[in-house]
Amino acid sequence: MKHLTILILIMMASFFSNGVLAQNIKLPAPDLSGGTTLMQALNERSSHREFSAKELAMDHLSGLLWAACGINRTESGKRTAPSAHNWQDVQVYVFMNSGIYLYNEKNHELELILEGNHQAAAGLQDFVPTAPVNLVYVGDYAKMEGADTSRRDFYGGINTGFISQNVYLYCASQQLNTVVRAMVDRDALHELMKLRPEQHVVVAQSVGYKP
Ligand SMILES: Cc1cc2nc3c(=O)[nH]c(=O)nc-3n(C[C@H](O)[C@H](O)[C@H](O)COP(=O)(O)O)c2cc1C
């Protein structure tokens, strides 16, 4: 009984400090029929640095992450983005006002890494905390089996590029604003996100509704 009371108090404290209860988030299935045509999305693809403060709807969050690197072939577990040797070395961390999450593409859910609003840490530009979602792309060198150590940055960078462009195209097709960003404090993020030494922050990407 005593433990239950403490648990309830912790949950209430978390709820009132963040406005929402931070926990793992099971995403709804992505809507594979929505959005503009690919050619229209390519025509609209562009970087924007202004965002509405409105939280991203669950349907948009689901579509965004599935487009980024969701599983599109369940039989092989392969993803919407290619990766050298199918290493699937790049993972997407999602900064939202309620916390930092890791996108688990196998379960299509967000795993809570750290509670609280850490958006300001997701980049070095003033607009970064104004976006409701900041994606941080992390290359896990431990997954690059057999890779020449001097080529790991190259593979991490190029594999991230595919994911980022998927996000750009999804945003263009859904009239969302986005910009990819190399200007991040990688050391600070590494510590905050409790990354292992073999994990490396590549770039980040802000996403939100148009103001
Ligand atoms: C690897 C890479 C790093 C970038 N880093 C930043 C950044 O740190 N901050 C920023 O505001 N924009 C950044 N951008 C966005 C570029 O400024 C933008 O893509 C460029 O101005 C062309 O505009 P467009 O994307 O609308 O075609 C980056 C783009 C790339 C591809």
Side-chain angles (χ1 to χ4, degrees), residues 35-56 60-61 63-70 79-84 87-97 100-101 103 117-141 143-144 147 149-193 195 198-211:
T36 61
T37 66
L38 174 61
M39 293 307 267
Q40 284 166 334
L42 284 165
N43 194 44
E44 299 281 319
R45 206 265 346 134
S46 49
S47 297
H48 297 274
R49 298 168 183 82
E50 312 82 29
F51 303 94
S52 157
K54 198 175 146 199
E55 296 283 349
L56 224 55
H60 274 135
L61 195 59
L64 178 80
L65 291 165
W66 186 83
C69 60
R79 315 198 290 184
T80 56
S83 63
W87 280 324
Q88 303 191 358
D89 48 292
V90 178
Q91 291 174 296
V92 181
Y93 285 76
V94 184
F95 284 52
M96 298 196 294
N97 294 341
I100 302 173
Y101 303 82
Y103 176 50
N117 188 335
H118 302 281
Q119 302 277 32
L124 297 170
Q125 293 164 280
D126 289 345
F127 66 82
V128 172
T130 69
V133 169
N134 281 289
L135 307 176
V136 175
Y137 302 122
V138 174
D140 187 350
Y141 289 7
K143 293 187 178 174
M144 295 182 188
T149 42
S150 67
R151 306 289 284 166
R152 288 172 170 176
D153 286 349
F154 166 78
Y155 285 124
I158 204 160
N159 293 340
T160 297
F162 288 112
I163 295 174
S164 172
Q165 178 72 349
N166 283 356
V167 167
Y168 261 112
L169 291 177
Y170 177 79
C171 288
S173 83
Q174 295 286 335
Q175 289 84 46
L176 298 170
N177 277 1
T178 190
V179 60
V180 68
R181 299 177 285 99
M183 272 189 267
V184 294
D185 184 336
R186 288 178 181 76
D187 291 339
L189 277 172
H190 198 279
E191 194 177 333
L192 176 71
M193 294 160 70
L195 300 179
E198 315 82 55
Q199 290 180 294
H200 296 262
V201 172
V202 185
V203 290
Q205 186 158 5
S206 304
V207 178
Y209 294 107
K210 295 178 187 303

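Remember, it's 1-based here, ligands and their atoms both numbered in the order they're listed.
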**Report entry** Aromatic plane relationship, Y141 with H200 - under 30° parallel, 30 to 60° tilted, over 60° perpendicular
**Finding:**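 Plane angle under 30°, so parallel.
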So, the side chain of [X] versus the backbone of [Y]: is there a donor-acceptor pair under 3.5 Å, distance only?
X	Y	value
N177	E50	yes
D140	Q91	no
S206	T178	no
D89	K143	no
S47	V180	no
R45	Y168	no

Query raised in the report: Is atom 20 (C) of ligand 1 close to the protein, meaning a heavy atom under 4.0 Å from it?
Result: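 No; the ligand atom in question lacks any protein heavy-atom contact below 4.0 Å.
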Query raised in the report: Within a distance of under 4.0 Å, is there any protein heavy atom near atom 28 (C) of ligand 1?
Result: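 It does: a protein heavy atom is found less than 4.0 Å away from atom 28 (C) of ligand 1.
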Mark up the atoms of ligand 1 that fall under 4.0 Å of a heavy atom belonging to [X], in ascending order.
X	answer
S46	26 (O)
Q125	7 (C), 8 (O), 9 (N), 10 (C), 11 (O)
A182	3 (C), 4 (C), 5 (N), 6 (C), 7 (C), 8 (O)

Query raised in the report: If hydrogens are left out, which of R181, R45, R49 has an atom nearest to atom 16 (C) of ligand 1, that is, the closest non-hydrogen atom?
Result: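 It is R49 that holds the nearest heavy atom.
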Query raised in the report: Tell me, which protein residue and heavy-atom name are nearest atom 13 (C) of ligand 1, and how many Å apart are they?
Result: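 Answer for atom 13 (C) of ligand 1: V180 O, 3.0 Å.
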**Report entry** Closest protein heavy atom to atom 23 (O) of ligand 1, given as residue, atom name and distance to 0.1 Å
**Finding:**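 The protein heavy atom lying closest is S47 OG, 4.0 Å.
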Report task. Could you tell me whether V179 and ligand 1 have an N or O pair separated by under 3.5 Å? Result ->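 No, there is no polar N/O contact under 3.5 Å.
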Query raised in the report: Which part of V203 is near ligand 1, with near meaning a heavy atom under 4.0 Å away: side chain, backbone, both or neither?
Result: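 Under 4.0 Å from ligand 1, V203 contributes no heavy atoms.
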